[in-house]
Structure formats: C-alpha cells, structure tokens
Number of protein chains: 2
Amino acid sequence: MLSIAILLYEGFTALDAVGPYEVLASLENAKVTFIAENKGEIRSDTKSLGVVADASLSEVPKPDIIVIPGGATTPQAAANQTILAWLKEAHQTSLWTTSVCTGSFVLGAAGLLKGKTITTHWAAQSHVESLCQAKYSEQRFIQEGKIITAAGVSAGIDMALYLVSQVKNQETAESIQLALEYDPKPPFSQGSFSEAKQTSIDGAKHVLQERPK
Amino acid sequence: MLSIAILLYEGFTALDAVGPYEVLASLENAKVTFIAENKGEIRSDTKSLGVVADASLSEVPKPDIIVIPGGATTPQAAANQTILAWLKEAHQTSLWTTSVCTGSFVLGAAGLLKGKTITTHWAAQSHVESLCQAKYSEQRFIQEGKIITAAGVSAGIDMALYLVSQVKNQETAESIQLALEYDPKPPFSQGSFSEAKQTSIDGAKHVLQERPK
C-alpha cells in the first residue's frame, strides 16, 4: 500500500492540492491522506473553500509520497517549525518529495533544495535564490533525484501523472489521464509567463494580489 | 457581486468542483459558495477527501452561476428531489447553469437538457439519450443558451475560463489563466477518448470501476 500525504495549511491554494490528489487517488493500492499540523477544517487562500485534514502530521510520519501545495500564506507555512521538523524527518524515508507552486518554498525552508534547479509559480521566481538557495527554471515540473517541484497551481496535475508513471508505469498513468479526461484545451493561450502578453502579466499580478492573504 | 454556487453531494469527484472553483474564485466581485442539501463535511468519491459545504441549498436560492460536478454517485444526486427542486427553481433566474462530467445527468434529471447537444464524461456517453433526452458530442464543453456542459473531470477548468470570458471579458480570463499558470503539458497523450489506445480505454474503465461507489 502506497501512502501519499498531501499537506494542508490555512491559506493553501486548493487546486495545488486537489489536482495531484485526483490523479494519485486513482492509483490502486494507494491511500491519500490530507494532513495538517492539526486535524480538522482548513480554509483555502480565497477563504471560500474548506478542506478537511483527516490526520495530524504526527499521525503520518513516513508517507511514501509527500505533496506540498502552495498558497498565499506559504511564507508562514515555510516558517512553521512543526511543519519543517515533520518534513525533514519524513523526507528521510519518502520515495518522492514533491511541491506544487510556492509549496517549493516549504521544501526550501527545510533545506531540501540547496543547489538544485527547481520550479515554482512564475510570479515567485525572484525569491527562489534567497529562499531555497536554488535556481529557477520555467518548466512544468522538474525532477532532481526523488524531489519534484512543479510550476504554478495547475501544474500539479501534469506532475502527478509523471509521478504515477514512476511509481507504477506509463500505461497506468495513461489510463488515469483518460479516466480524468485530461485532454486540456484552454480556450485562451496565456498560461505561460514567458509567452504571455504584458497585459496578461499585469492582469495576473492583479488577480494574485486581490486574493485574500 | 456575482454569486456562484458549486453543488456538493456525497461521492462527488473533487476536481470536477475544485477546477471551476479555482478559476471562478479568482474573479473580483464574485463570491463562490459550496452548497449541499445539508451543510457540513461532504466526502468525495474516493472517500479520502472531505470538503465543507458552507451553505444548504435553501440558503443560496438564486445564484448567478450554478456548477454541478459529477461523481460516482451522480445517479443518486440526480434522483434527489431536494436537489432537483432547488435546481429547477435556481435555473429560472441563473445567468449560467453548468455541469462538469456526469453532473450533466443532474441537469438532465431536472429536464434542462431536452433536445440539446451536450457533453459529459466519455465513459457515460451511452446514458445521455435515455437520462437527458439529449445528444452526446465529444467536445471539451458545449454551450446551449445559458447552459454549458463540460466533459470529464479536468474539463471544468477549460469551461470555467470560457465562463469568465462571458461574464467579464477575455482579458480577465487570460489573466486568470496566467495566475493559475494554466499552460497544461500532459506528459502523456491519452486524454481524449476518440484518440485513445484500446489499452488506455480498458485501463481507464478499470480505474473508474475501482473507485469507491
């Protein structure tokens, strides 16, 4: 039985967590557990969504796969000594330690990204060197050994499909992709920072700023 | 203030709901509310995720946008008279009434899809005629008047971006797309039923069957 732990903390971005969940929970012989410092309801960054942490960190000390989502409050999560102590310990025995979006800063604060090339949300790239002692690259996800960092929000879905191919095989990943009908057809073409128009960049920064902190 | 209601029911598929949520909650002057027959924690189809319904149906009688996710238990939701009565009434005044995945069957049970061309999860296409008196088409999402039906699970993200372009404008949709770094790069190419290999179709059916009901 593969044990998968997805971290929740007040102010997390819901899709960062639920994208990988939907993919990984489709694996047979796997158990996904949403965990947090304390059990119970955790509100997302917009405050309009509550997700339940079914276990505390100490109840899931040795997950095989760790997923750390990003959020508006990642700096607080990355300064939370209980989370960092758990993560450092859990990383010792994990098969895979992963982040989505600014979840990378929690990995960075735990000292796991030193000297690595990583990705995170494009709007946070300028903090990668100081917070993670790592180098940013605009990729959908980046594997360095057993650590995988994914780009902003929606990138966790792509990362999780890759992860399935690694813990199981490509056929299983393809089956899950089809089960989730993951044949993305964005109606617009402004998803990539390096290819975005300036108006989209300004607009996106405004969207990110307007989200509650 | 735009009022957006996302329906929850025991056994819903989480990404069906959280994909559109993440996009629509990024709108300024909009309020997303997760609703259910009764307030409180609702478990997803895999049972490993609990999401909180912050309001009961009767507390949100006239949302501007209705989003109905699919799930393993859609037949029960589509037979729930409280849900159907609420939906029929709410649809009278909604600006947009939408479904993701098999959420379409709830719209169908409320009599909203008669004679229309709709989409749903590919694996459920054979039920569209009998349950919805509608015609299935394999598209990412289909608009018929103020009703939009989206394909399986992940298609709700694409649908919601389109919805933003309609309730606001394309620039806002593009800004939200970039804010969510929605530049999907599936590592595999088996997301579309009509283009999938038979092994992926068999595998996906197995994945869907193994999910708890």
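Protein chains get the first letters and strands the later ones, always in sequence-line order, with residue 1 at the start of each.
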Worked verdict on A/W122 versus B/L178 for side chain to side chain contact (heavy atoms under 4.5 Å, CB included): CA-CA 9 Å; A/W122 58 264; B/L178 186 57; 3.6 Å; yes

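With hydrogens and angles disregarded, a donor-acceptor distance shorter than 3.5 Å links the side chain of B/H121 to the backbone of A/A179. At least one donor-acceptor pair closer than 3.5 Å links the side chain of A/Q177 to the backbone N or O of B/Q190.
Within the 4.5 angstrom heavy-atom criterion, atoms from both the backbone and the side chain of A/Y182 approach chain B. Only the side chain of A/K197 comes within contact range of chain B, with at least one heavy atom under 4.5 Å from a heavy atom of that chain. Using a 4.5 Å cut-off between heavy atoms, B/E28 touches chain A through its side chain atoms alone. Of the atoms belonging to A/T13, heavy atoms from both backbone and side chain fall under 4.5 Å from chain B. Of the two parts of A/I157, only the side chain, counted from C-beta on, holds a non-hydrogen atom closer than 4.5 Å to a non-hydrogen atom of chain B. Looking at A/E41, the atoms closer than 4.5 Å to chain B (heavy atoms on both sides) all sit in the side chain, from C-beta outward. Neither the backbone nor the side chain of A/E171 comes within less than 4.5 Å of any heavy atom of chain B. Interface remark: A/T199 contributes backbone atoms only to the contact with chain B (heavy atom separation under 4.5 Å). Only the side chain of A/A196 comes within less than 4.5 Å of a heavy atom in chain B; its backbone stays farther off.
A/D54 and B/K47 are not joined by a salt bridge, as no carboxylate oxygen comes within less than 4.0 angstrom of a charged side-chain nitrogen. Between A/R140 and B/E181 there is no salt bridge, since no side-chain N of the basic residue sits under 4.0 Å from a carboxylate O of the acidic one.
Ranking B/K31, B/Q170, B/M159 against chain A, the residue ahead of the rest is B/Q170, based on heavy-atom pairs under 4.5 Å. Your options are A/V32, A/L49, A/V51, A/I6, and the one with the most heavy-atom pairs under 4.5 Å with chain B is A/L49. Between chain B and the residues A/A25, A/G19, A/S26, the most heavy-atom pairs under 4.5 angstrom are made by A/S26. Among A/S154, A/A17, A/A151, A/G203, the residue with the largest count of heavy-atom pairs under 4.5 Å with chain B is A/S154. Put simply, of A/A173, A/S189, A/A123, A/A155, the one with the most heavy-atom pairs under 4.5 Å next to chain B is A/S189. If you tally non-hydrogen atom pairs under 4.5 Å between each of B/I201, B/L180, B/T33 and chain A, the highest count goes to B/L180. Residue with the most contacts toward chain A among B/I176, B/D202, B/L15: B/L15 (heavy-atom pairs, distance under 4.5 Å).
Interface residues of residues 100-107 of chain A toward chain B, defined by a heavy-atom distance below 4.5 Å: none.
Considering only heavy atoms from C-beta on, B/P184 comes within 4.5 Å of A/P186 through its side chain. Side-chain contact check for A/V18 versus B/Y21: every heavy-atom pair is 4.5 Å or farther apart. Between B/S165 and A/F188, the closest side-chain pair of non-hydrogen atoms falls below 4.5 Å.
For CD of A/E129, the number of neighbouring non-hydrogen atoms (other residues, nucleotides, ligands) closer than 6.0 Å is 12 at most.
When all heavy atoms of B/V207 and A/S175 are compared, the pair lying nearest together is CG2-CB, 4.2 Å. Residue B/D158 comes nearest to A/K185 through the heavy atom pair OD2-N, 2.9 Å, listed as atom of the first residue, atom of the second, then distance.
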